[in-house]
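Everything numeric in this text was worked out from a predicted model, so none of it was measured. As a basis for the values below, the full set of heavy atoms in this structure was taken, side chains included, without hydrogen atoms, waters or symmetry mates. All chains are named by letter (A, B, ...) in the order of the sequence lines, taking the proteins before the strands, and each is independently numbered beginning at 1.
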Amino acid sequence: MTDVEKPINFIQQVINADLSAGRVKKIVTRFPPEPNGYLHIGHAKSICVNFGLAEQYGGICNLRFDDTNPEKEDEEFVQAIIEDVQWLGYDLGEGPFYASNYFEQLYVWAKYLIAEGNAYVCELNAEQMREYRGTLTEAGKNSPFRDRAAAESLNLLEDMRLGLISEGAMTLRAKIDMASPNINLRDPVLYRIKKMAHQRTGDKWNIYPSYDFAHGQEDAIEGVTHSVCTLEFAANRPLYEWFTVNLPLPSIPRQYEFGRLNLNYTVTSKRKLKQLVEQGHVDSWSDPRMPTISGLRRRGVTAAAIRNFCNSLAVAKTDGTVDMAQLEHFIRDDLNLNAGRAMCVFKPLLITLSNYNEQEQFKVPCHPNRQELGLRTIDFGRQIYIDRSDFSEDTTLSRKKFKRLVIGDYVRLRSAYIIRADEVIKDAAGEIIEVIGSLVPDTVGQDAPEGIRPRGVIHWVSKQTAADCTVNVYDRLFTVASPDEGGRDMLDYLNPDSLVEMTGCKVEAGLADAIAGDHYQFEREGYFTRDSGSLDNLVFNCTIGLRDNWKA
RNA sequence: UGGGGCGUGGCCAAGCGGUUAAGGCAACGGGUUUUGAUCCCGUCAUCGGAGGUUCGAUCCCUCCCGCCCCAGCCA
């Protein structure tokens, strides 16, 4: 929460220098996802960095879909991405933008490169191209089509575009240097043939630009000043810059790379998340166990928590793995401050108060430290439920070790009376089915009377008015810190207990019609939100448990 | 192996030749508390290794070690 002056990162240093040198007047950044999956927590960092930079410098950040490969993309993902970015709290401004809107311009530039002798249509097939490319240690060799006349390439490119050439038969390649130690510069492919409809341009195109040929030019068209991406694109930067000197671009963007976010006990790779969804290991991209923005949202994580977490991360060139505990800290930090309190009993144990026959309602604070959040009403009666784990017949348990209800002893019911457990009723199997107790009069909102020392404070709900509900408690999706390490198959490390569904829970009446998106702290348990995926029933998802410092 | 990038406490991370080597997370002690929560105090490193330059190096140089990225007509 504290804004201890965060040191400026290397990108801000560059921006400051560019601003003072007059190289740029207004900062323009961009967040360029390919719509081939849902956004995850790693993207959140990128979004916060890019939109954050724009915000900080009074510039703009474009959400731009890098939709250059219809084979993998889908409109569903476009919509989900837009929703997630907005939910995180960012304004799309004039956007969203689409690479596909620039296809015509890119094509004009492709012809320009050919005319300038900087590109050619190559007829090597995929396998041959790989052979010609060389290896990390050996230079590649020139394609036999490398020196064909510009006019011929121009005609062939046009044929490719018109669908006259079959897929895989030809590509348009930049003519750079087959001996470059940087493999990205060994005559990279600019256009490939895909006779496939695009979700936005329909069947207008039979060829689609490659990432390298599209990305920097999209930036230039939009006037992006600082193209901030992740480290794995560092090797593409020389190519990015090659286009800026060989094409008549409207502006010269510059690319900078920072380390992407990795989190332990999960995976942050669209490919792997897609696999989990498609193979049914989770119920959808928005499964509350998924590290997707939509999964976190359904789980009950707030946008503020995600933003605070992302802003706590460094924008640097080191690539490390952040401890899940750090994300959890920001989730609790925000929820503790903002979530209203409520009581929910997971494993109900009936308590009947033999000396009480009334019905009462108590007005209790929604938040112990923020009275401005107001009061709520809770019902109290002769019969209440407490959690089975909050009762014990073992009278030898020390007060320090078991601060709950023990037969013959006292406990405080949160926001209500102090009660004593007098008698246990069991069924034929020896299972406790009810506890007969008695309350200590006049103890609501009062200190315990002389001689009575409640062992602790426990939560409860009124039997008469509590609502039945189901509670989902989640654990980490994987059993090991790095499920995608080395040659591991993440599926071997899926946590079989990542979801525990508890039915027959009892929540205070006021939450019977809780809405998804509202956050509650179930006292002594954790933070919860109504599950948006099963609104027909009253289901709460555990966002995260309360911190638990006591050693059992 | 060719090229590119990175190595500061269990994790993240400031530090830009002279600092008691920030801060956060975690952990561990203690205090407050009608949530075993929150909150509050306190404890917790000599900077991958070896040389060198310098009055002085985590910061500069050399070599070594380790990790990451690039050989898709993916992004």
Inset, instruction - Starting from the 5' end of RNA chain B, give me the residue, E525(A) or N36(A), whose nearest nucleotide shows up first. - result: E525(A)
With a 3.5 Å limit on both atom pairs, tell me what [N] is paired to, counting Watson-Crick and G-U wobble, or say none.
N: C73(B); value: none
N: A13(B); value: none
N: G42(B); value: C28(B)
N: G66(B); value: C6(B)

Inset, instruction - For G42(B) and G49(B), measure between their P atoms and round to the nearest Å. - result: 31 Å
Legend entry - Pairwise C1' distance, A75(B) and G15(B) [rounded to whole Å]: 35 Å
Inset, instruction - Keeping the roles fixed (side chain from R186(A), backbone from S180(A)), state whether a donor-acceptor pair exists under 3.5 Å. - result: yes
Inset, instruction - Fit a plane to each ring of F528(A) and F522(A), take the angle between them on a 0 to 90° scale, and name the class: parallel (under 30°), tilted (30 to 60°) or perpendicular (over 60°). - result: parallel
Inset, instruction - Please name all residues satisfying side-chain hydrogen bond (donor to acceptor under 3.5 Å, both in side chains) with N264(A), sequence neighbours left out, ordered by chain then number. - result: none
Inset, instruction - Would you classify R404(A) as touching base, sugar-phosphate or nothing, given that sugar-phosphate means primed atoms plus P, OP1 and OP2, and contacts are heavy atoms under 4.0 Å? - result: base
Inset, instruction - Could you check which of C6(B), A75(B), U35(B) has an atom nearest any side-chain atom of T318(A)? - result: C6(B)
Legend entry - From A14(B), U35(B), A75(B), nucleotide with atom closest to P7(A) side chain: A14(B)
Inset, instruction - Would you classify G56(B) as syn or anti? Syn applies when the glycosidic angle is within 90° of 0. - result: anti
Inset, instruction - For K194(A) and N206(A), test the side chains for any donor-to-acceptor distance below 3.5 angstrom and give the result as yes or no. - result: no
Legend entry - Side-chain-base donor-acceptor pair under 3.5 Å for R412(A) and U34(B): yes
Inset, instruction - Return the value, rounded to whole Å, for the distance between atom CZ of R192(A) and atom C1' of G72(B). - result: 9 Å
